[in-house]
Every structure is written in structure tokens, then in C-alpha cells.
Amino acid sequence: PSPLDRDQQQGIRAIRDFLKVRTSYDVLPLSFRLIVLDTGLLIKKSLNILTQNSIVSAPLWDSDTSRFAGILTATDYINVIQYYYQFPDEISKLDQFRLSSLRDIEKAIGAIPIETVSVHPSQPLYEACRRMLKTRARRIPLVDVDDETGRETVLSVITQYRILKFIAVNNEQNTVMLKKCVRDINLGTYTNLATARMDSTVLDAIHLMVEHNISCIPIVDADNRVLNAFEAVDVIPCIKGGAYEELDGSIGEALCKRPDESPGIYTCGEGDRLDSIFDTVRKSRVHRLVVVDDDNRLRGVISLSDILKYVLLEGEEDSGPQT
Ligand code: ATP
């Protein structure tokens, strides 16, 4: 192997070793708040609560059974939107749906439920990452059992974003060794890209996300130049206030509803090295990278799961395609 390959392997191995000696608990900040929503809450109200608190997801709590009831994410709202379009006669019922109805909505539209995997906070972080990549779950709740009551408690939720940030911040000496470029390690997706235009409707973007099972649609112009990207979480401000008919509006209008603190999109080139991607993750709130050429034309998409998969599974026996 070339020195480049050797360094790359060594860097990756060191990061894996790091993940094996750290726990999910280590990823948590010293002080944090956790907003948990009761499943008795109206779906309509949950939208306001997420927006007011600048969050895009929350663990659910079933107070009838005193149990953790899964995680609310943008996918659930996308399911509600699909329901609305499949069963237009039920529109009057829509306002009355509670978070406890989400599983029924999922069934009614025939969506494949995202498996709820949870981990114990003291399990190695490596295990949490492997489980994340084996399932479609992109957020894993840390569930502990209270010694006295024997009841489950949700301590926090770890995401791919938090894990990659944690790796980036604590492994600078290892990530500098990852000098192979995006093209050479084939990081990301470059074929059959789902894209939309600024004047496409929000509903078009949602259909693409559902159909391709992805959470981001690059928005391009007639020359395939990247203008922005529409993400699953961008759906939340669109339907706040129950304005489902506004989904016929354009993506351009919808992107104007992004919260002020929204980080926007990050791009990179195919010649960029993995270490520089880790630099971006270290410094910014990046949730995916849109790969462009020198003329800003769309080449591909690198999601956080692509990066995590590479770091964890490259060269391993089960590194084949996973969903
Ligand atoms: P999330 O971004 O929600 O945390 P994720 O990391 O799995 O989840 P997705 O955007 O759902 O990201 O990407 C899943 C897979 O689909 C990745 O391999 C990614 O490269 C690919 N992908 C992402 N966006 C597109 C797109 N617009 N067209 C084609 N493939 C895409």
C-alpha cells in the first residue's frame, strides 16, 4: 500500500479504537436540556413546540403506560402530509390527531416504520454507531432504567451529527491522517441523484424524499448549478399552523421560512480530502455536503451516514450496501 493508504488505514483504525473506549454518555454535553413530548399532545401543537424551541425532533412519552414511545422526527410530519394527500376526505380529522396516532398514520399510508433502537448510555459508542448504520434510525435514544422504580428513563438522544462532531473534535491527530480525497474513496452518492428546481413545489420535494428514502434534495438551476438544498426538516415551518394546502407553494418560498439561525448548506469538491471534511464538521453545523465541480454544478451528495459508514465499516466484512 502507498503511504497515503497506510496513513488512511491507521487513522481510521485509531478512530474506531477511540469509539470502542468511549460510551454514548461521553458524547453528551456537560449540561443540556431534553424536551420530551407527551403522546397525548395534538400533532398540530407539537409543531409549535418544536419551532419555539429550535429543535426538529423529540422523544415521546406515553403517560398511560409510563414508557418511552419512540422519537418524533420530520419523517413523522412527512407521513402526516402523505396521509392528507391519500385521504383528502379525512381532512377535518387531521386537526384532531395526537402524537399517539402517528403509528396508525404510518400504517394507513403503508410506510415502513423506522425501527426504534435504543442503547444504554454506558455501552461503547462503537456499538451505538453500528446499530445506527444497520437500521434506518438516525437518532438513538439513550435509555436507562431507574434503579428504584424499575422504569425506563430517556436520558438524551444521540445523532449521527453529534457522533461525527465528537469524533472530529477529539481526534484531530487521527483525522489529519485521512488524506485520501472524496473521489478516491468513493464517498457519497453520484448517480441517480434526486434534484428539484426553485419553482418545483414542496410536495414534489416530499415525494422525491419518500420515493428515494432520503432526507435532502439539492435544488439546481437549468444548468445543474447548485442553488440550495431542501431538507426533510424544512417541511416543519411549511405546515406549522396546519397550512397543508401551502405545500403546493414553491420550494423557493419554503426556503425563505427557514429559521434565522439555520446554517445553510455546505459544499465540497470531489478532490477534497476526508481530513478537510472533518475540519468542516469540527467547525460547523453540517448535516450533509453537496458535492460540486469548479462551476458549482452538482456532482453528488455526501450524507452523514456515508461518512460514518466509511469510518466504521470500510474494509470490514459487512461493509456492503446497507439500508
Ligand atoms: P440524515 O441526513 O437524515 O441524517 P442520512 O445520513 O442517511 O440521514 P440521507 O440524505 O437520507 O442521509 O442519505 C441516504 C443515502 O442516500 C446516502 O447514501 C446519500 O448519499 C444518498 N442521497 C442523499 N441525498 C440524495 C439525493 N438527493 N439523491 C440521491 N441520493 C441521495
Side-chain angles (χ1 to χ4, degrees), residues 2 4-5 7-8 11-12 133 136 138 160-161 164-165 167-168 175-202 204-234 250-252 254-255 258 262-315 319-323:
S2 70
L4 209 65
D5 283 312
D7 281 1
Q8 184 94 1
I12 286 180
L133 295 179
R136 273 169 63 221
R138 295 297 174 237
Q160 306 188 109
Y161 169 74
L164 282 168
K165 191 91 168 175
I167 294 175
T175 56
V176 290
M177 307 190 54
L178 309 176
K179 293 214 160 52
K180 295 193 81 170
C181 70
V182 163
R183 184 187 299 114
D184 290 347
I185 58 175
N186 204 8
L187 188 69
T189 301
Y190 297 86
T191 50
N192 295 325
L193 295 171
T195 63
R197 299 289 187 82
M198 273 300 179
D199 58 4
S200 311
T201 67
V202 173
D204 292 336
I206 291 174
H207 285 318
L208 282 173
M209 289 195 266
V210 172
E211 188 186 320
H212 294 256
N213 207 352
I214 50 178
S215 57
C216 163
I217 308 290
I219 308 304
V220 294
D221 67 11
D223 295 322
N224 208 28
R225 288 200 172 82
V226 176
L227 303 174
N228 212 323
F230 188 84
E231 302 171 312
V233 293
D234 289 319
S250 74
I251 288 179
L255 289 175
R258 271 188 180 159
S262 162
I265 64 160
Y266 290 88
T267 59
C268 71
E270 279 182 280
D272 285 1
R273 303 184 320 199
L274 190 52
D275 66 343
S276 76
I277 291 186
F278 269 107
D279 281 340
T280 310
V281 172
R282 187 174 302 126
K283 291 178 200 136
S284 348
R285 236 171 80 200
V286 46
H287 285 280
R288 63 189 47 82
L289 293 130
V290 179
V291 188
V292 293
D293 68 11
D294 292 341
D295 289 326
N296 203 33
R297 287 200 172 84
L298 178 68
R299 301 284 303 141
V301 178
I302 301 177
S303 73
L304 298 187
S305 64
D306 294 329
I307 304 175
L308 206 57
K309 231 173 248 178
Y310 178 80
V311 170
L312 259 93
L313 302 178
E314 176 62 22
S319 63
Q322 312 213 353
T323 45

Study note, to complete from the structure: Sorted by chain and number, sequence neighbours left out, side-chain hydrogen bond (donor to acceptor under 3.5 Å, both in side chains) with D295 holds for R297
**Study point:** All side-chain hydrogen bond (donor to acceptor under 3.5 Å, both in side chains) counterparts of N192, not counting sequence neighbours
**Key:** none
Practice item. Decide if atom CG of D294 counts as having more than 12 heavy atoms of other residues, nucleotides or ligands within a radius under 6.0 Å. Key: no
Point to revise | Where at least one partner belongs to residues 187-202, residue pairs that pass salt bridge (Lys or Arg N to Asp or Glu O under 4.0 Å), sequence neighbours excluded | key: none
Revision key, fill the gap. Salt bridge (Lys or Arg N to Asp or Glu O under 4.0 Å) pairs touching residues 204-216, sequence neighbours excluded, are none
If I take atom [atom1] from residue [X] and atom [atom2] from residue [Y], how far apart are they, to the nearest 0.5 angstrom?
| X | Y | atom1 | atom2 | answer |
| --- | --- | --- | --- | --- |
| H207 | S200 | NE2 | OG | 12.5 Å |
| I167 | L308 | CD1 | CG | 6.0 Å |
| S305 | L312 | OG | CG | 12.0 Å |
| I277 | C181 | CD1 | SG | 9.5 Å |
| I219 | F230 | CD1 | CZ | 7.5 Å |
| C268 | L274 | SG | CG | 10.0 Å |

Residue pair [X] / [Y], side-chain heavy-atom distance below 4.5 Å:
| X | Y | value |
| --- | --- | --- |
| V301 | I214 | no |
| M198 | L227 | yes |
| L193 | P218 | no |

Looking only at non-hydrogen atoms, find the nearest pair between [X] and [Y] and report the distance.
| X | Y | answer |
| --- | --- | --- |
| L133 | Q160 | CD2-OE1, 4.5 Å |
| L208 | A194 | CD2-CB, 4.3 Å |
| V182 | Y190 | CG1-OH, 3.0 Å |
| V281 | A168 | CG1-CB, 4.1 Å |
| V286 | T280 | CG1-O, 3.9 Å |

Review point. Which residue pairs pass the side-chain hydrogen bond (donor to acceptor under 3.5 Å, both in side chains) test when at least one of the two sits in residues 267-279, sequence neighbours left out?
Key: E270-R299, R273-D275, D279-R282
Review point. Which residues satisfy the ring pair (Phe, Tyr, Trp, His ring centres under 6.0 Å) test with H287, sequence neighbours excluded?
Key: Y161
Exercise for review: Assess the side chains of S215 and R288: does a donor N or O sit below 3.5 Å from an acceptor N or O?
Suggested key: yes
Just to verify, what does [X] make a side-chain contact (heavy atoms from CB on, under 4.5 Å) with, not counting sequence neighbours?
| X | result |
| --- | --- |
| R258 | N228, E231, D234, L255, S262 |
| D5 | P1, S2, K180 |
| T191 | none |
| I12 | Q8, R16, L178, Y310 |

Practice item. For R285, enumerate each residue passing the salt bridge (Lys or Arg N to Asp or Glu O under 4.0 Å) test, keeping only those at least two apart in sequence or located in another chain. Key: none
Check your understanding: By salt bridge (Lys or Arg N to Asp or Glu O under 4.0 Å), which residues pair with R183, not counting sequence neighbours?
Key -> none
